[in-house]
Amino acid sequence: MMKKYDHKDIEKKWQDRWEEEGLYKTPNKVPGKDNYYTLVEFSYPSGNLHVGHWYAFSVPDMFARYKRMRGYNSLYPMGFDSFGLPAERAAILHGKNPKDWTYKNMEYMQNQLRSMGASFDWDRRVITSDPEYYRWTQWMFNQFYKNDLAYKANTKVNWCPTDKTILANEQVIDGKCDRCGTEVEQKDQEQWMLKITEFADALTDDLDGLDWNDAIKEAQRSWIGRSEGSEISFKLSSGDSVDVFTTRADTLFGVTYVVLAPEHPLVNKLLDQVENKQEVEKYIEETKKKSELDRQQAKEKTGVELKGITATNPAYRQAGLQNDEEVPVWIADYVLAGYGTGAVMAVPAHDERDFEFANKYGLPIKQVIALQIGERIINAKERLGVSAIIRNSQGKILVQQNEHQRGILHSLPGGGVEEGENVEEALIREIKEETGYTDLEIVFCKGAYEYNFNSPERGYDRKLTEFLYEVKLISDKNEGRHLTDKEKSIIKDDLWLDHNEAIKILKQSNNFCGYAEAILMERKNNYLDGILVNSGKFDGLTSQEAREKITEFVGGKMVKTYRLRDWGISRQRYWGCPIPIVYDPEGNAHAVPDEHLPWLLPEDVDHTPDGTAPLARSKELFERTEKIFGKGWKPEVETMDTFVDSSWYFYRYLDPKNEKEFCSTDSQKDFMPIDIYFGGAEHTTMHLLYSRFWVKALRKIGLTDINEPYTRRINRSLILGPDGNKMSKSKGNVIDPDEVVGFVGADTVRMYLAFIGPYGATSHYPWDPNGVVGIRRFIERFWKTTDFIVEDDTKSLDTLLHKTIKKVTDDIERYKFNTAISAIMIFINEVEKEKKISKEQYSTMVKLLSPLAPHVSEEIWREVLGNSKSVHLEDWPVYDESLIKEEEVNISVSVNGKSRSLVKVPFDSEEEFVLSVAKEDQNVSKWIDGKNIKKIIFVPNKIINIITD
RNA sequence: GCGCAGGUGUUGAAACUGGUAGACAAGCAUCCUUGAGGUGGAUGUGCCCUUACGGGUGUGGAGGUUCAAGUCCUCUCCUGCGCACCA
């Protein structure tokens, strides 16, 4: 009988041994081996490892270990992202120095990390607040500065009043600071910016080639927010002109006013010419007072007309149409200065926001797009037609009943548009002729459809585009029908029907018009893409076709705009990487020359945040600057956003001690791009985007060859508290991993986290204390089965063993550690039944277990099985295809698609044989006896389905 | 509103190309064991009917394709995430 499983003894022992043996030291090059780079997001040294860290690091460790056993030189590095705000907060709270606090935390956490038993190569550790590291952060910043990728600009910035610093757009979540939740204010301030927008297209397009899941790609795409549209110029009555950005140039004929953002530069210029100057000034003042959040959440739109100023619709002007060409100009804060051109053409009929605004201020609404159904008929000669949904005061709809060679047909009143007549004129005429009603109002063009209009009289290659209008009867005044003789013979009767009855009867009618009319009636009034109406010579084009044609027609241009803004990196805080810039006495910025890097963070600073940069209070920094650069020179006193530090750390792991370069070209070639990057979903539009930008910027300058840093990306899910809520101190549902590890051991915790569900799934998993115990039980059972090892080479478990090898291998490749573990469990269950396993078989199982539970595997491998070399240096088992085949298989027997029984037959049995066995089965025979077998469906080794009459 | 993921027992979840739905765990129930108080073992466990044999039903809902659908198609409801007065 083997000794009791004591995780405390085992885990400590092997962690020490591995370190002594240098087991996880990973050189850049190993002859005969390919490199594999597994990266996880390094951690912030908050002072204590939580369950999230375990999930983040120990499960990917299984993958890195697996790759090592698969023969790769597998790199799995770890470090600390150690600059940042929490250090300052904690330092203030405890009256300590941020540096001391941070470095003490790192020491403590590194020991906690060791208790995980992960295969980190600690020799490559990277600490972003070390001068040896941030020297290169500064060096790269200078490279960006020299290459016009970094610049200082006065912009609107997000200001967090609690943390007293600027935030990047990416760090503002729903108008609030992502660190402390305080509502963010807008401020005008100078800050250092990085030109991420220069790569907006590349950052969007290059996503296509990455092996990431769509959710992450889509999140980045929508964050970048590329939108393709047109810039169109409107002439103002003041003589100025204003460019608007629109994605809907096809609706240009529907413009009924133009809106400028209150901050639009033209507004100031026009101020002296407007008749209501005071009112306009007042509105601009009010807008300034509103926070960004207020503006976003405004329930109702507001705005002021610039009285006396009008804009000319270029479409009308050039199309030679006279009516409606002058439209009013407004300012309104629903138009944002920072997006597009800061000015829009308003089309209330086809834009919800414009519609709301137009309704409120009584501006005209003009429909120019109608819904289209059916296929477009290309290259056919066109005729236009109209028909009407006429509603009376009771809301009933008029359907005409016609007699035709084909029988009784139903349709709505309507007909063709004549030469020299526009669509609405034709509509009124046709209604009058066919129904006699004259007192009516056109409400809306419901839509349009096309159909073949070919016949010998009319000629071929003809199509009819028929517009369907909603028309309201104002009174029942009726002048009687005016029908031609032919029409008289057809129109029999008028039916007044409910909406649904009308649709039903039209749908059943044996003519395409009636059917198409019914389909259109069923649709909601749709403001999106469709077919142009009321647009002069563009009538009948689809929205898609019209966009470019109309833009070109009015001399506009097709453009792209982006939601993404440049990345503001200035922080008015102490504990960060100093921006390596000095100003000459005239105030011009100069990069600190390379020989003075690292440009050290001064230590003689009272770091209490007060809204100004703490570095401004450092005597040492100012003296240093004057000493090096001369009298009157001043240092930049802002520090960098910590996301800068983490934008390139994965390079430094590859060449951590290099004093001449941030990472040698050779080292880059060894490991970049990263094969797999595991991390948190919260970084999708922050770190993940910033670091992609960083690599593209480095590449542009010629400092790296790669275009994308991460070949694959897996976002892990969240571990919730046992109550199903996010772990938080206030809820009292926080699991302390140290405590659990002390109780059940690191191997159990690792495996529990891997077993909980597929890594990278979108669901979140609650911590289940019983589940932990279940894994512990399993490890003990694995441990105890060593008692069943026998010297003779028993083969009885071979089939299952090789199936297990295959399953575990395939599952780990797909990050499905949960099913990999369950496969091992199934095997161990079987061993317990057999009570007999050969040493060779057992060795294979220990290898399969070793990436998942490295300590207990090593203990069994070396102490029980008596190996001298570590199991973690072994080759991964290879399954034997010939052993996987079962000698006998269970085949499911179905009768008429319903599963009725299982029959056991030799592997690869023929259909006839399986059928004969199945027929003998009572549970089958009772369903087929006396019935005629019509058909047999047979899938070898899987199923036989017997179809009877 | 737009986009993306997802919806399967009491719970975490399995089910590769359509082919025995619920593997593996956890929970629960009954029993056995034990030095009781988070780590022993056996059996059972989707739901309904049946003493059993067995039958019916079942993967958010409604249709469809197919010999066969959790899986494919159409529509629809719900949940989570991203974006959003973005023109």
Side-chain angles (χ1 to χ4, degrees), chain A residues 5 213-227 229-230 244-248 251 259 261 295-301 332-336 338-347 350-354 356-357 528 561-563 681-682 684-685 715 724 743-745 748 752 755-758 761-781 807 810-811 814 816 818-826 829 890-902 922-923 926 934-939 941-948:
Chain A
Y5 170 60
N213 72 44
D214 281 345
I216 312 176
K217 289 188 189 181
E218 276 310 311
Q220 287 210 354
R221 279 196 197 100
S222 60
W223 182 264
I224 296 164
R226 178 162 69 193
S227 143
S230 322
V244 302
F245 173 72
T246 181
T247 55
R248 296 300 306 274
T251 62
V259 196
R295 242 173 112 161
Q296 273 173 25
Q297 291 171 352
K299 292 163 241 47
E300 216 175 73
K301 297 192 186 352
D333 66 4
Y334 80 90
V335 175
L336 307 176
Y339 186 80
T341 59
V344 305
M345 54 179 232
V347 186
H350 306 292
D351 182 283
E352 268 179 63
R353 291 151 304 167
D354 297 341
E356 192 192 317
F357 193 79
L528 301 173
T561 52
Y562 306 87
R563 210 194 72 96
E682 70 276 16
T684 301
T685 55
N715 277 3
F743 190 65
V744 295
T748 298
Y752 167 68
F755 188 60
I756 206 163
T762 46
S763 50
H764 294 167
Y765 307 116
W767 178 272
D768 176 8
N770 287 317
V772 178
V773 170
I775 294 292
R776 167 70 189 210
R777 269 203 287 259
F778 165 71
I779 291 179
E780 288 199 23
R781 279 169 47 211
K807 176 85 178 139
D810 291 351
D811 286 350
R814 295 184 295 152
K816 296 198 59 171
N818 55 334
T819 46
I821 292 170
S822 100
I824 298 175
M825 286 174 167
I826 289 167
N829 291 347
N890 284 322
I891 289 193
S892 166
V893 185
S894 293
V895 181
N896 293 327
K898 267 197 204 303
S899 167
R900 293 299 176 188
S901 189
L902 281 181
Q922 230 189 0
N923 289 331
K926 74 180 189 193
K934 211 162 65 177
K935 197 176 171 188
I936 302 284
I937 285 136
F938 178 70
V939 182
N941 301 319
K942 279 194 175 157
I943 196 165
I944 183 159
N945 190 2
I946 304 164
I947 314 299
T948 65

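Just so we're on the same page: letters track the sequence lines, and every chain starts at 1. Note: hydrogens, waters and symmetry copies are ignored here, and every other heavy atom, side chains too, is used.
Only the C1' atoms considered, B/rG38 is 24 Å distant from B/rG44, to the nearest whole Å. Nucleotides B/rU10 and B/rU45 place their C1' atoms 11 Å apart, quoted to the nearest Å. The same atom, P, is picked in B/rU57 and in B/rA69; the two are 12 Å apart, to the nearest Å. Taking atom C1' in both B/rG18 and B/rA68, the straight-line distance is 8 Å, to the nearest Å. Rounded to the nearest Å, the gap between the P atom of B/rG9 and that of B/rA14 is 14 Å. If you take atom C1' in B/rU8 and the same atom in B/rA23, they sit 13 Å apart, rounded to whole Å. Rounded to whole Å, the P atom of B/rU74 lies 14 Å from the corresponding atom of B/rC4. The separation of B/rC75 from B/rU65, taken at their C1' atoms, amounts to 15 Å, rounded to a whole angstrom.
Contact between A/R900 and A/N923 at its shortest, heavy atoms only, is O-CB, 3.7 Å. Taking every heavy atom of both residues into account, A/T684 and A/N715 meet most closely at OG1-ND2, 3.4 Å.
Checked by distance alone, A/K935 brings no side-chain donor or acceptor within 3.5 Å of a matching partner on the base of B/rU66.
Listed nucleotides: B/rG38, B/rA14, B/rU20. Nearest to the side chain of A/N890: B/rU20. When distances run from any side-chain atom of A/I826 to the nucleotides B/rG38, B/rA23, B/rU20, the shortest one goes to B/rA23. The side chain of A/N818 sits closest to B/rA13 out of B/rA13, B/rA26, B/rA15. The side chain of A/A219 has B/rG82 as its nearest neighbour among B/rA15, B/rG82, B/rG55. The side chain of A/I756 lies closest to B/rG12, out of B/rG12, B/rA87, B/rG55. Residue A/F743 places its side chain closer to B/rG38 than to any other of B/rG19, B/rU20, B/rG38. Candidate nucleotides B/rA14, B/rA25, B/rC4 were compared by shortest atom distance to the side chain of A/P758, and B/rA14 ranks first. Set against B/rG55, B/rC24, B/rG12, the side chain of A/N829 has B/rC24 as its closest nucleotide. Distance from the side chain of A/I943 is smallest to B/rU20 among B/rU39, B/rC83, B/rU20. The listed nucleotides are B/rG55, B/rA87, B/rG19; the one nearest the side chain of A/K926 is B/rG55.
One atom, CD1 of A/I937, and another, P of B/rA69, lie 12 Å apart when rounded to the nearest Å. One interatomic measurement links the two molecules: OH of A/Y5 to P of B/rU39, which rounds to 16 Å at whole-angstrom precision. Going from atom CG of A/D333 over to atom C1' of B/rA87 covers 15 Å, rounded to whole Å. Atom C1' of nucleotide B/rA68 and atom CD1 of A/I947 are separated by 8 Å, given to the nearest angstrom. Across the protein-nucleic acid pair, A/N770 atom CG and B/rU11 atom P stand 15 Å apart, rounded to whole Å. In this entry the distance linking CD1 of A/I779 with C1' of B/rA25 reads 14 Å, nearest Å. A/R900 places its CZ atom 14 Å from the C1' atom of B/rA68, with the value rounded to the nearest Å. Atom pair A/I944:CD1 and B/rA68:P shows a separation of 16 Å (rounding to whole Å applied).
At B/rU57, one or more side-chain N or O atoms of A/K898 fall inside 4.0 Å of OP1 or OP2 (strictly under the cut-off). At B/rA13, one or more side-chain N or O atoms of A/S763 fall inside 4.0 Å of OP1 or OP2 (strictly under the cut-off). Checking the phosphate oxygens (OP1, OP2) of B/rA87, a side-chain nitrogen or oxygen of A/Y339 falls inside 4.0 Å. For the OP1/OP2 pair of B/rG40 and a distance below 4.0 Å, the side-chain nitrogens and oxygens of A/R777 include at least one atom meeting the criterion. OP1 or OP2 of B/rC24 has not a single side-chain nitrogen or oxygen of A/R781 nearer than 4.0 Å. Taking 4.0 angstrom as the limit, A/N896 places none of its side-chain polar atoms (N or O) nearer than this to OP1 or OP2 of B/rC67.
Residues A/Y765 and A/E218 both approach RNA chain B. Their nearest nucleotides, taken by heavy-atom distance, put A/E218 toward the 5′ side. Comparing A/D354 and A/Q922 by the nucleotide of RNA chain B whose heavy atom lies nearest to each, the residue mapping closer to the 5' end is A/Q922.
Shown here, B/rU8 forms no base pair; nothing in the strands shown gives a Watson-Crick or G-U wobble contact with both key distances under 3.5 Å. With a 3.5 Å ceiling on both atom-pair distances, the Watson-Crick or G-U wobble partner of B/rG82 is B/rC2. Using Watson-Crick or G-U wobble geometry with both donor-acceptor distances under 3.5 Å, B/rG44 finds its partner in B/rC28.
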Working for side chain to side chain contact (heavy atoms under 4.5 Å, CB included), residues A/F778 and A/S822
CA-CA 10 Å; A/F778 165 71; A/S822 100; over 6 Å; no
Starting from the C-alpha separation in whole Å, work towards a yes-or-no answer on side chain to side chain contact (heavy atoms under 4.5 Å, CB included) for A/Y339 and A/T561.
CA-CA 8 Å; A/Y339 186 80; A/T561 52; 3.4 Å; yes
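Of the possible polar contacts, one joining the A/D354 side chain to the A/V347 backbone as a donor-acceptor pair under 3.5 Å is found.
A/S222 comes within 4.0 angstrom of sugar-phosphate atoms only, judged by non-hydrogen atoms across all strands, and of no base. Among the protein residues, A/V347 comes within range of no part of the nucleic acid, since none of its heavy atoms lies under 4.0 Å from any strand. If you check every strand for non-hydrogen atoms under 4.0 Å, A/G757 touches nothing.
Between A/Y334 and A/F357, the ring planes lie tilted relative to each other; the angle falls in the 30° to 60° range.
Applying the side-chain hydrogen bond (donor to acceptor under 3.5 Å, both in side chains) criterion to A/T948, with sequence neighbours excluded, gives A/N896.
In this pair, A/F755 does not lay its aromatic ring on the base of B/rA25; centres under 5.5 Å and planes under 30 degrees do not both hold.
Note that the CZ atom of A/F755 and the CG atom of A/D768 stand 11.0 Å from one another [nearest 0.5 Å].
Glycosidic conformation of B/rG9: syn, with the torsion inside 90° of 0.
In summary, A/K807 and A/D811 engage in a salt bridge, as defined by a charged side-chain N under 4.0 Å from a carboxylate O.
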